[in-house]
Amino acid sequence: MKEITVTDGQQKLSMTQIVLGSSDYLKLDNMPKVNHMFDLYVELGGNTFDTARHYRDAESVIGDWMSRHDRKAFNIITKCCHPKRGALDVPRVSPENMRADLTESLQHLQTEYVDVLLLHRDDPTKPVGPLMEAFSALVDEGKVRFFGVSNWTLSRVQEAISYCREHGLHPLSFNSPNFSLASVNQPRWDNSVTADDEMIDWHTKTQFPLLSWSAQAEAFFAHRFKPEDADNPELKEYTEVYFNDLNWRRMKVCDAIAAKHGVKPIQVSLAYVLNAPFPVLATIGPEEEWMLEESFETAELQLTTQEVQELRKGALD
């Protein structure tokens with residue numbers, strides 16, 4: 001399993017490309033399955049868990065499992081400042097909320113630090129300076145090792161990187177947008193960001209690490225949907241986002257490349273992410289053992305430059 005390594009000049013973090021995300025089975029009343037899936041993830045070679053203060057019981061579930069294992073052997077990514085907390089649905093991107101959410105996260109995770117802390121959303125009306133100052137202070141306090149942003153536009157990411165560099169702070173180390181083979185018609189969730197061509201080109205040029213959420217496009221390329229589902233009101237949250245001509249064409253290319261390699265189309269779509277020309281980590285949310293195993297098999301699948309180009313174009317050469 002390939003690892004992505006980042007350093008700030010003082011400490012180093014090595015993370016497996018396949019990151020285990022917080023899925024629907026992560027419930028405190030389902031710990032036997034949780035324990036099995038976590039154990040299998042580690043057995044297969046994984047070492048990084050992704051969660052968030054916003055993800056219901058996920059932090060507590062991870063904390064319960066982690067309390068029985070060597071904490072230093074694993075990496076925990078969590079996120080703070082989501083706008084929805086209880087009855088609230090307002091921007092919460094501030095140093096005060098960063099600290100408040102992190103305090104709760106550490107309690108639920110049963111740990112003294114997290115390896116990566118991300119801002120879950122952005123509030124473009126807030127200057128980046130105080131946020132980066134707060135991040136850097138948390139690193140100095142030993143509560144956070146590395147930090148980054150999720151669902152920020154490229155210009156804001158660049159501004160944050162420059163601020164840290166110009167003010168001698170610990171560096172911003174991760175950008176976490178949605179990045180998958182799927183082209184989206186609109187954001188999957190409010191204020192969420194999908195990596196566009198400009199952002200992908202910037203990551204390629206700078207080699208800045210990208211942590212992809214929804215790397216498998218919610219199983220779109222597993223033939224979870226059909227074009228005739230477009231008028232199904234029960235699938236509106238998916239049809240409005242993923243149903244477009246380019247994705248159906250990419251589906252056919254996935255099918256052809258999968259047949260050539262003897263794998264499944266969804267594995268090809270994940271390989272597209274893992275074969276990106278820059279450091280990339282892919283967050284997955286498998287709910288069954290076979291899904292997890294197939295994702296790790298995909299990590300060994302090398303796509304050719306031509307295959308990647310065919311997938312992007314949605315056409316075989």
Side-chain angles (χ1 to χ4, degrees), residues 1-6 15-19 21 45-46 48 50 154 157 174-185 187-188 192-225 227 241-286 291-317:
M1 165 64 66
K2 180 180 177 182
E3 291 192 351
I4 302 299
T5 300
V6 296
M15 313 164 73
T16 46
Q17 259 197 307
I18 299 291
V19 176
T48 303
D50 175 88
L154 178 57
V157 173
F174 295 94
N175 178 33
S176 182
N178 166 232
F179 172 52
S180 74
L181 178 60
S183 172
V184 299
N185 305 317
R188 178 65 181 87
S192 61
V193 171
T194 292
D196 58 13
D197 288 342
E198 182 184 11
M199 184 178 283
I200 292 171
D201 289 344
W202 177 80
H203 276 279
T204 302
K205 179 179 179 180
T206 63
Q207 293 296 291
F208 193 79
L210 185 149
L211 171 60
S212 169
W213 57 264
S214 199
Q216 294 172 303
E218 300 178 274
F220 180 90
F221 296 99
H223 290 268
R224 180 181 180 185
F225 311 105
V241 176
Y242 297 118
F243 280 41
N244 57 60
D245 180 65
L246 178 57
N247 283 341
W248 296 123
R249 288 190 284 112
R250 285 176 169 174
M251 179 87 78
K252 292 181 180 179
V253 176
C254 265
D255 290 347
I257 294 176
K260 182 169 63 174
H261 286 278
V263 297
K264 295 180 179 179
I266 192 172
Q267 290 178 284
V268 173
S269 72
L270 179 58
Y272 172 83
V273 174
L274 297 177
N275 281 262
F278 48 81
V280 63
L281 301 110
T283 302
I284 63 170
M291 297 178 181
L292 182 57
E293 292 172 337
E294 285 186 353
S295 294
F296 272 80
E297 291 172 4
T298 304
E300 307 303 320
L301 177 58
Q302 295 295 313
L303 300 178
T304 67
T305 300
Q306 178 178 329
E307 288 171 336
V308 171
Q309 291 174 344
E310 290 174 339
L311 287 166
R312 292 192 72 172
K313 291 187 303 181
L316 294 168
D317 290 334

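- Two residues are said to be in side-chain contact when any heavy atoms from C-beta on lie closer than 4.5 Å; L303 and I257 meet this criterion.
- At least one side-chain heavy atom of L270 sits under 4.5 Å from a side-chain heavy atom of S295.
- Here I266 contributes atom CD1 and R224 contributes atom CZ; the two are 9.5 Å apart, rounded to the nearest 0.5 Å.
- Q302 meets the side-chain contact (heavy atoms from CB on, under 4.5 Å) test with N275; sequence neighbours excluded.
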Can N175 and M199 be said to form a side chain to side chain contact (heavy atoms under 4.5 Å, CB included), step by step? CA-CA 10 Å; N175 178 33; M199 184 178 283; 3.4 Å; yes
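- The minimum heavy-atom distance linking G314 with V253 is given by the pair C-CG2, 3.6 Å.
- Atom-to-atom distance recorded for T304:OG1 and E307:CD is 3.5 Å, nearest 0.5 angstrom.
- In this structure, the separation between CD1 on I284 and CG on L292 is 5.5 Å, given to the nearest 0.5 Å.
- Among the candidates L210, L154, I200, the single residue satisfying the side chain to side chain contact (heavy atoms under 4.5 Å, CB included) test with P177 is L210.
- Side chain to side chain, Y242 and E218 meet the donor-acceptor criterion of an N or O pair below 3.5 Å.
- Legend: residues meeting side-chain contact (heavy atoms from CB on, under 4.5 Å) with K252, ordered by chain and number and at least two apart, are absent.
- Remark: side-chain polar atoms of E310 are paired, donor with acceptor, to backbone N or O of D317 under 3.5 angstrom.
- For the residue pair V241 and P187, the shortest heavy atom distance occurs at CG2-O, 4.2 Å.
- Among pairs with a residue in residues 196-206, those fulfilling salt bridge (charged side-chain N to carboxylate O under 4.0 Å, His left out) read D197-R312, at least two apart in sequence or across chains.
- Under a 3.5 Å cut-off, the side chain of S212 and the backbone N or O of F179 do form a donor-acceptor pair.
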May I have the step-by-step check of side chain to side chain contact (heavy atoms under 4.5 Å, CB included) for F221 and M251, ending in yes or no? CA-CA 6 Å; F221 296 99; M251 179 87 78; 4.1 Å; yes
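- With H203 contributing its side chain and F278 its backbone, the two residues share no donor-acceptor pair below 3.5 Å.
- Within the structure, the salt bridge (charged side-chain N to carboxylate O under 4.0 Å, His left out) test picks out the following pairs touching residues 291-300 (sequence neighbours left out): K264-E294.
- In plain terms, the two heavy atoms of P209 and V6 that are nearest each other are CG-CG1, 3.7 Å.
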Take N178 and R188 through the side chain to side chain contact (heavy atoms under 4.5 Å, CB included) test and state the conclusion after the steps. CA-CA 9 Å; N178 166 232; R188 178 65 181 87; 5.9 Å; no
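- Remark: F296 CZ to M1 CE distance equals 4.0 Å, nearest 0.5 Å.
- Counting all heavy atoms, side chain and backbone alike, A215 lies closest to V273 at O-CG2, 3.7 Å.
- For L246, the side-chain contact (heavy atoms from CB on, under 4.5 Å) test picks out S183, N244, R249, R250, with sequence neighbours left out.
- Here the straight-line distance linking atom CZ of F243 with atom CZ of F220 works out to 6.0 Å at 0.5 Å rounding.
- Counting all heavy atoms, side chain and backbone alike, Q207 lies closest to P277 at NE2-O, 2.9 Å.
- In this structure, L311 CG and Y272 OH are separated by 7.5 Å, a value rounded to the nearest 0.5 Å.
- The backbone N or O of T283 sits nowhere less than 3.5 Å from a side-chain atom of D50 that would complete a donor-acceptor pair.
- Contacts of S176 classified as side-chain contact (heavy atoms from CB on, under 4.5 Å), with partners at least two apart in sequence or in another chain: L118, S150, L211, W213.
- Of the possible polar contacts, one joining the Q17 side chain to the L274 backbone as a donor-acceptor pair under 3.5 Å is found.
- Between T16 and L281, the shortest heavy-atom contact is O-CD2, 3.4 Å.
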